[in-house]
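Take a look at the structure set out below.
In the text below, chain A, chain B and the rest are named by the order of the sequence lines, each starting its count at 1.
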There are 4 protein chains.
Amino acid sequence: MKRSSETTAKATAAGSDKYQRILDAAIEVIAEKGFFHSRVSEIADRAGVADGTIYLYFKNKDELLMAAIDSAFHGFIGRARTELSKVADPREKLRKMAFLHLQALGSNRNMAIVFQTELRHSAKFLAQFSHSLLVEYFDLIKGVLREGQEAGVFRAELPVKIAVNCFFGAVDEMVTSWILSDRDRDYPLSNLADVIVDILLKGMETSAKHGS
Amino acid sequence: MKRSSETTAKATAAGSDKYQRILDAAIEVIAEKGFFHSRVSEIADRAGVADGTIYLYFKNKDELLMAAIDSAFHGFIGRARTELSKVADPREKLRKMAFLHLQALGSNRNMAIVFQTELRHSAKFLAQFSHSLLVEYFDLIKGVLREGQEAGVFRAELPVKIAVNCFFGAVDEMVTSWILSDRDRDYPLSNLADVIVDILLKGMETSAKHGS
Amino acid sequence: MKRSSETTAKATAAGSDKYQRILDAAIEVIAEKGFFHSRVSEIADRAGVADGTIYLYFKNKDELLMAAIDSAFHGFIGRARTELSKVADPREKLRKMAFLHLQALGSNRNMAIVFQTELRHSAKFLAQFSHSLLVEYFDLIKGVLREGQEAGVFRAELPVKIAVNCFFGAVDEMVTSWILSDRDRDYPLSNLADVIVDILLKGMETSAKHGS
Amino acid sequence: MKRSSETTAKATAAGSDKYQRILDAAIEVIAEKGFFHSRVSEIADRAGVADGTIYLYFKNKDELLMAAIDSAFHGFIGRARTELSKVADPREKLRKMAFLHLQALGSNRNMAIVFQTELRHSAKFLAQFSHSLLVEYFDLIKGVLREGQEAGVFRAELPVKIAVNCFFGAVDEMVTSWILSDRDRDYPLSNLADVIVDILLKGMETSAKHGS
DNA sequence: GATGAATGAGGCTTCATTCAT
DNA sequence: CATGAATGAAGCCTCATTCAT
């Protein structure tokens, strides 16, 4: 692994959990200080390794952040896919997805902070992430919406691409609101899933207005 | 905000629009490079002033960013309030707000980049902004929703706070998507206002499902 | 000069001799420690400026060394040209050149060390210097030799290019020997000029051997 | 020279020519990158051993360079002594020595680069080498010159020490010129031996000038 | 002997900020 | 008010060396 440029280092190698420890420490420090104010030396400290060791596993500070996010995100997408496949009704799938999203970040405040802030710290960075990972999320939802349209439970004229943005934006914004509230919320973030999905499914208008 | 006797008579005075020039230059550079990669010297260059001059108007780099965002945001909120007051129907107000939001950022890509990325730099920064400015936006929308509920056009059981987040999140996400698309979109971002608001008002489900 | 990449900074600018002070300090430190063991911070210390100031005048450590050598060498070549033009006899010109070369370095041990060691510290570096500066030296001598051949005082069949190398190599080696002798030589290095030139002019063989 | 088992009985022992392999790799890498830019890990790579193994054979990086140069130089001096003893005429001995010198380095560009550049890294390093090894070379030539004076073929008044420097300097400079020429010379470097020695023996002046 | 993952000291360089002019 | 040369703290990263296996 030495001098190798891969970031994909096998964490399972020779009794070493350093890779994962560094990743965790990175998330922790970045959540606390923000990426640019995070010091490599502090991440190393918390991971219990020497500064230089970081560079045996990651090319540089930037790649370390990317790796931390990638790792967390892939785990989430994988779990999401599995869970969604267990549900039949497209509406329930949306509900499930919102729940998983809120639960994933709601149960790990540090990770949530990183996702809601550092991930967007520069247009270039955001674009990079967006292209490589977020599309997976969006495609997943797009699939659900199309499925729902075919099943006749979602309006046929719904512009799928934009609807996906609404869904993601709404859920995402809840997370942002949540991390900004200093007091520990007394209710789990994931409880909001139903509320949000209800709004998105039924709309804000009174039913009376429909069919007009 | 310092020295802002804006609307000031002395704006015409002996060549001193430096404050605004610095603000504009800051937005420009920050949009291009990201806040942390922006150099005070470059902002000074583009504003056509000396490095040191910046510090006559702003306490430090951080406050410069804050001021730039504040200035732009206040302008927006002011215009929004005025425009909304001209509309009676709460639904039309939402439509208008979405339009103004999308138009404001859609017509100034640099500003959009700063809002979608730099604003969310770090949890601390975001919180600071959120408390001081974003609440004005949220309160505005909250007012519209309550008004709509009273008028009977919005569902009475709608949880206003969460609905506001959905609205903001959806619109916000459209802007993010837009700045991430490299190709210059051939349609104005603001055109999407109607589509988004329709989704939020009527929901994604087929009308048939309502009334159950 | 700020942020400019020129290394040719005008030393005479606004009451500042910093450029020259840095150059001198660089030669001093490099002579003592060798280029790679020289620390920018120590050069700054001795020049009486802040570390960062070095970078207002030089792009980086490498360019600082280059500039120091360039500066010293150009001074030498200029003086050499002037002096040589005052002498008519090509043989005396060679003698003069050897004298100037030995005197220049013999009177500045630090500079001598830099020229004999650091200048050659990597093939790439040496090549760079060789192409841009040493050719001036070589061309000067070549001119003298050709002049001497035309005047009939140097052998016509003498391969000029190689002879120039012999001349330079011989003088150069004397300097190297000199800096390697720890004890301060009790005679000036420049005294050797005559001896070296005599050997090169008359050869090592006994005269009797000539004409064979 | 690689894998030369000469004089070592234990070279045949269980696959352990590592010492020489490391030495060869060191010369190779140092010639390419220069000593300070050479990485111990790269030398280990090319030698096909682990980084740590280097330290079983050499105390540190510096000693590795020293050993590499020593090894090569001793081989050269040994061969030179043998060859010179086969020649009777002191003039022919000089010619032979120049030839051997030029041939040794001319046939191994990497070695030449190391000798012409890295050897002169720092005054301290050069002095160290000079004292321990170069004196052997110089003494060899000194012997030849004295022999020639006794035989009456070299001028009796020739200052031997300085003449030796001229000889070495001239030959040495030819090598330097050669490694700096990027184009592969179309003639062997060793061909120049005669030319150089002719200049040193007969001098640059026209014969007519002698005997005056 | 051999390995190579881990170490951690320390250098070069950047750049926000100051202050004498 | 304005300047911009100078400052100097501080971080990322490299890489020679060690040592447990």
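Note that the OG atom of A:Ser71 and the CG atom of A:Asp24 stand 8.0 Å from one another [nearest 0.5 Å]. To the nearest 0.5 angstrom, D:Arg39 atom CZ is 12.5 Å from D:Asp51 atom CG. Residue D:Ile69 holds its CD1 atom at 8.5 Å from CE of D:Met111, rounded to the nearest 0.5 Å. The structure places CD1 of B:Ile43 at 5.0 Å from CG of B:Leu64, a figure rounded to the nearest 0.5 Å. Summarising the geometry, atom CD belonging to A:Glu28 is positioned 14.5 Å from atom CZ belonging to A:Arg109; distances are rounded to the nearest 0.5 Å.
Using modelled atom types, no side-chain atom of C:Arg46 and backbone atom of C:Ala26 make a donor-acceptor pair closer than 3.5 Å. Side-chain atoms of B:Lys61 come within 3.5 Å of backbone N or O of B:Ser38 as a donor-acceptor pair.
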Could I get a table of every N or O pair under 3.5 Å where one atom is in the protein and the other is in nucleotides 18-21 of chain E?
none

Give the dot-bracket string for DNA chain F, reading 5' to 3', where a pair is Watson-Crick or G-U wobble with both distances under 3.5 Å, ( ) marks pairs inside the strand, [ ] marks pairs crossing earlier ones, | marks a partner on another strand, and . marks unpaired.
-> .||||||||||||||||||||

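If you take CG of B:Asp17 and C1' of F:dC1, they are 14 Å apart, rounded to a whole angstrom. Spacing between atom CD1 of A:Ile54 and atom P of E:dA6 amounts to 12 Å, rounded to whole angstrom units. The CD1-C1' distance, from A:Ile22 to E:dT7, rounds to 13 Å in whole Å. Protein atom NZ of B:Lys33 is 14 Å distant from nucleotide atom P of E:dT14, rounded to whole Å. In this structure, CG of C:Asp45 is placed 13 Å from C1' of F:dT7, rounded to the nearest angstrom. Atom CG of C:Leu56 and atom C1' of F:dT7 are 9 Å apart (whole Å). In this structure, the OH atom of D:Tyr19 is 17 Å from the C1' atom of E:dG1, given to the nearest Å. The CD atom of B:Glu42 sits 15 Å away from the P atom of E:dT14 (whole-angstrom rounding).
For A:Lys18 and E:dA6, the shortest distance from a side-chain N or O to OP1 or OP2 is below 4.0 Å. Distances shorter than 4.0 Å separate some side-chain N or O of C:Thr53 from OP1 or OP2 on F:dT7. In this model, the phosphate group of E:dC12 is approached by a side-chain N or O of C:Arg39 to a distance below 4.0 Å at OP1 or OP2.
Mapped onto DNA chain E by nearest heavy atom, B:His37 and C:Ser41 fall at different nucleotides, with C:Ser41 at the one closer to the 5' end. Nucleotides of DNA chain E nearest to A:Ala50 and B:Val40 differ in position, and the one nearer the 5' end is that of A:Ala50. Residues A:Phe36 and D:Asp62 each lie close to DNA chain F; by heavy-atom proximity, the contact nearer the 5' end of the strand is made by A:Phe36. Between A:Lys61 and B:Gly48, the residue anchored nearer the 5' end of DNA chain F, judged by the nucleotide with its closest heavy atom, is B:Gly48.
Side-chain proximity of B:Tyr57 to F:dA16, E:dT3, F:dA2: nearest is F:dA2. Comparing F:dT3, F:dT17, F:dT7 by their closest approach to the side chain of B:Val49 singles out F:dT3.
Closest non-hydrogen pair, D:Ile22 versus D:Ala47, comes out as CA-CB, 3.8 Å. Closest approach of A:Phe35 to A:Ile30, counting heavy atoms only: N-CG2, 3.9 Å.
Using cut-offs of 30° and 60° on the angle between ring planes, the pair B:His37 and A:Phe36 is perpendicular.
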